[in-house]
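Input: a single structure, listed below in structure tokens.
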Amino acid sequence: MRGVFYGWWLVPISGIVHMTTSVPLFHAMGLWFVALESSFGWNRTQLSLAFAFTRIEGGILGPIEGYLVDRLGIRRMVVMGLSVLGLGFLLFSQVRDTNDIPIVRDLPFDLLPSFMQIIVPALMFYLVYMVMALGQGFSGWLTMNTMLNNWFTRHKAKAMGYSSAIGRLGALVLIPAIAWAVDPDQDNFGWSMTALMLGVVTLVMVIPISRLIRNRPEDHGLMPDGDEPRDAPRETRAGHPAPRRAPPSDADFSLGDALRTPTFWLISFGQGFTSMVLIAMMAHLAPMLYDQGVSVPMAGWVVSTYTAMSMIFQVVGGYVGDMISKRFAYFVFTSIQASAVVVLVFVPEISALLGMPLLVVVFSFAILFGIGFGGRNPISTSIRGEYFGRSSFGKIMGMSQVPMNIMLLGAPIYPAVMLGIQGSYDFAFLSLAALNFVGGAMFLLAKKPVKPRADRMGRLSRMWGWVKR
């Protein structure tokens with residue numbers, strides 16, 4: 001397959017890494033919550049704090065991760081990330097109630113007060129969840145999209161869309177499998193053994209996956225999209241290596257240039273608003289359906305349904321994003337996502353009004369939500385590459401995670417708190433749907449920025465003009 005541009009081989013590799021780092025940790029979050037709630041008796045707010053702590057961690061480490069991606073390269077970040085994630089799953093499998101630890105259980109006196117016997121396992125869970133999130137941050141979304149942004153220019157959104165779709169394809173199998181394995185109502189593997197197996201599989205993947213990773217096309221005598229450099233001599237086009245590093249394009253923004261544009265902030269806050277409902281859904285959809293009498297395996301199939309639709313529309317969104325205005329396309333897909341959340345809130349009313357079985361309406365929500373979530377996903381990343389270029393993409397993406405993670409901090413906690421106050425998720429999800437619309441509108445306002453002139457001679461020339469006046 002010598003004629004295939006290597007960037008297209010990196011697309012499925014990126015999808016496999018996406019699946020490994022995001023599906024068990026985040027997309028299956030609600031399934032873990034149901035199992036842990038049954039095992040330890042923790043409430044939804046306590047469980048949601050685990051994800052909140054990872055957002056604090058992500059907000060602090062996002063710029064550092066972006067800097068490390070640009071500094072160390074993709075391959076090293078993947079090795080570090082998958083290793084830490086695998087270790088985190090192994091530690092997660094060892095979270096225990098203090099009464100289940102033999103050395104504590106066999107003591108002739110209570111080593112810990114009763115309230116500490118509840119807090120200590122929860123603290124262990126929070127710490128290992130943050131370890132797993134650290135591994136995911138090193139090797140996941142930011143790192144893989146930086147790699148694809150390096151390898152593609154014209155086909156950026158399509159490549160990112162295909163990558164995400166492949167990750168979702170794996171999730172179609174992985175999410176129902178996790179749901180079956182951790183189901184507290186059945187005597188299957190249980191959450192602890194499932195976490196242990198995930199840790200082992202992740203560690204086994206480190207070496208073979210990292211050996212296939214390539215940082216930039218210029219390092220291998222190639223150009224983005226497989227193009228030949230127009231100004232290269234004939235012998236270079238015939239196969240001789242191009243320069244190891246292409247100089248940054250004049251259109252590439254530095255991190256400082258990007259931070260000075262309103263567009264950077266509109267995109268960062270816009271994605272935060274549109275992601276809040278997704279994060280809340282990951283944490284609370286399965287528990288909410290479980291409360292309504294839907295079994296954990298069936299809740300897993302609901303998640304798999306919106307995952308399947310998102311897989312299809314990752315590709316559709318990638319093509320749409322390369323064909324029309326990315327900001328308009330993002331607004332349309334996020335509006336569909338928000339509308340789906342409204343359908344979820346009114347499932348009983350819609351079921352009664354239309355005379356449809358409850359599960360039919362629930363799966364209708366899943367289809368709509370998958371269309372919106374899947375379609376917007378590749379556009380939110382590729383638009384940054386289109387607007388800000390390649391040379392500082394990792395740093396820009398990392399810094400944009402700071403406001404986004406601050407906003408996501410309360411996303412899983414807010415529905416849990418409102419459930420405790422009102423006994424219902426309705427108001428929480430309706431307000432998150434409204435914020436979703438706001439985020440889409442912010443993307444609609446995010447026009448392509450013009451890079452400010454920052455060369456010294458230009459500034460001196462302008463200063464001399466002022467002096468002469």
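All values below were derived from every heavy atom in this structure, side-chain atoms included, with hydrogens, water molecules and symmetry-related copies excluded. If you read the sequence from its start, that first residue is 1, and numbering goes on from there.
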How many angstroms lie between [atom1] in [X] and [atom2] in [Y], if you round to the nearest 0.5 Å?
X: Trp151; Y: Asn215; atom1: CH2; atom2: CG; value: 9.0 Å
X: Thr263; Y: Arg384; atom1: OG1; atom2: CZ; value: 11.5 Å
X: Leu222; Y: Arg216; atom1: CG; atom2: CZ; value: 12.0 Å
X: Met442; Y: Thr334; atom1: CE; atom2: OG1; value: 12.0 Å
X: Phe89; Y: Met132; atom1: CZ; atom2: CE; value: 5.0 Å
X: Leu419; Y: Asp426; atom1: CG; atom2: CG; value: 10.0 Å

Crowded around [X] [atom1]? As in, over 12 foreign heavy atoms under 6.0 Å?
X: Phe328; atom1: CZ; value: no
X: Arg75; atom1: CZ; value: yes
X: Arg154; atom1: CZ; value: yes

**Asked** Taking the six-membered ring where the residue is Trp, are the ring centres of Trp8 and Phe152 under 6.0 Å apart?
**Response**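 Yes, they do, as the ring centres are separated by less than 6.0 Å.
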**Request:** Report yes if the distance between the aromatic ring centroids of Tyr306 and Phe369 is under 6.0 Å, otherwise no.
**Result:**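 Between Tyr306 and Phe369, the centre distance is under 6.0 Å.
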**Derivation and outcome, side-chain contact (heavy atoms from CB on, under 4.5 Å), residues Val277 and Leu435** = CA-CA 8 Å; Val277 70; Leu435 291 175; over 6 Å; no
**Message:** Between Gln314 and Arg376, is there a side-chain donor-acceptor contact under 3.5 Å, judged purely by atom types and distance?
**Reply:**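 No, Gln314 and Arg376 have no side-chain donor paired with an acceptor closer than 3.5 Å.
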**Message:** For Tyr330 and Ser325, which I'm curious about, is there any donor-acceptor pair between the side chains at under 3.5 Å?
**Reply:**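 There is no such pair (donor and acceptor under 3.5 Å, judged by atom type) between the side chains of Tyr330 and Ser325.
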Which atom pairs, one a donor and one an acceptor, fall under 3.5 Å between side chains of residues 351-366 and the rest of the protein, sequence neighbours left out?
unit_1	atom_1	unit_2	atom_2	d
Ser351	OG	Met356	O	2.4
Ser364	OG	Val360	O	2.8

Locate the shortest heavy-atom distance separating [X] from [Y]; write the atom from each residue and the value.
X: Val79; Y: Ser210; answer: CG2-CB, 3.4 Å
X: Pro224; Y: Asn150; answer: CG-O, 3.9 Å
X: Ala280; Y: Pro415; answer: CB-CG, 3.8 Å
X: Phe443; Y: Ile383; answer: CE2-CG2, 4.0 Å
X: Trp265; Y: Leu259; answer: NE1-O, 2.9 Å
X: Arg76; Y: Leu72; answer: CD-O, 3.4 Å

State, with a plain yes or no, whether a side-chain heavy atom of [X] is found less than 4.5 Å away from one of [Y].
X: Arg211; Y: Ile207; result: yes
X: Pro176; Y: Trp180; result: no
X: Pro24; Y: Leu174; result: yes
X: His284; Y: Phe429; result: yes
X: Thr261; Y: Phe388; result: yes
X: Phe269; Y: Phe264; result: no
X: Phe373; Y: Phe313; result: no
X: Pro217; Y: Met223; result: no

**Prompt:** After noting the C-alpha distance and the side-chain angles of Ser268 and Met404, does the key distance pass the side-chain contact (heavy atoms from CB on, under 4.5 Å) rule?
**Reply:** CA-CA 6 Å; Ser268 298; Met404 189 169 68; 5.6 Å; no
**Message:** Is there a side-chain hydrogen bond (donor to acceptor under 3.5 Å, both in side chains) between Thr146 and Asn149? Walk through the geometry before answering.
**Reply:** CA-CA 5 Å; Thr146 299; Asn149 187 66; over 6 Å; no
**Message:** Taking the cut-offs as 6.0 angstrom to the six-membered ring centre and 45 degrees off its axis, would you call Lys158 and Tyr319 a cation-pi pair?
**Reply:**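 Judged by the rule, Lys158 and Tyr319 form a cation-pi pair.
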**Request:** Might you work through the side-chain contact (heavy atoms from CB on, under 4.5 Å) test for Tyr6 and Leu212, ending with a clear yes or no?
**Result:** CA-CA 10 Å; Tyr6 194 76; Leu212 298 172; 4.1 Å; yes
**Chi angles and distances behind the side-chain contact (heavy atoms from CB on, under 4.5 Å) call for Met418, Tyr425** = CA-CA 7 Å; Met418 296 307 296; Tyr425 282 114; over 6 Å; no
**Prompt:** Would you find a donor on one side and an acceptor on the other, under 3.5 Å apart, between the side chain of Ser275 and the backbone of Gly272?
**Reply:**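 A pair under 3.5 Å: no.
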**Request:** May I ask you to decide if Ile74's main-chain N or O and Thr143's side chain share a donor-acceptor pair within less than 3.5 Å?
**Result:**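 Side chain of Thr143 to backbone of Ile74: no pair is present.
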**Message:** Taking side-chain hydrogen bond (donor to acceptor under 3.5 Å, both in side chains) as the cut-off, I'd like each qualifying pair that reaches into residues 434-447, sequence neighbours left out, listed once.
**Reply:**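 Listed once each, the pairs are Gln337-Asn436.
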Can you give me every donor-acceptor pair (side chain of residues 12-20, partner residue at least two apart or in another chain, under 3.5 Å) with its distance?
unit_1	atom_1	unit_2	atom_2	d
Ser14	OG	Ser163	OG	2.8
Thr20	OG1	Ile16	O	2.9

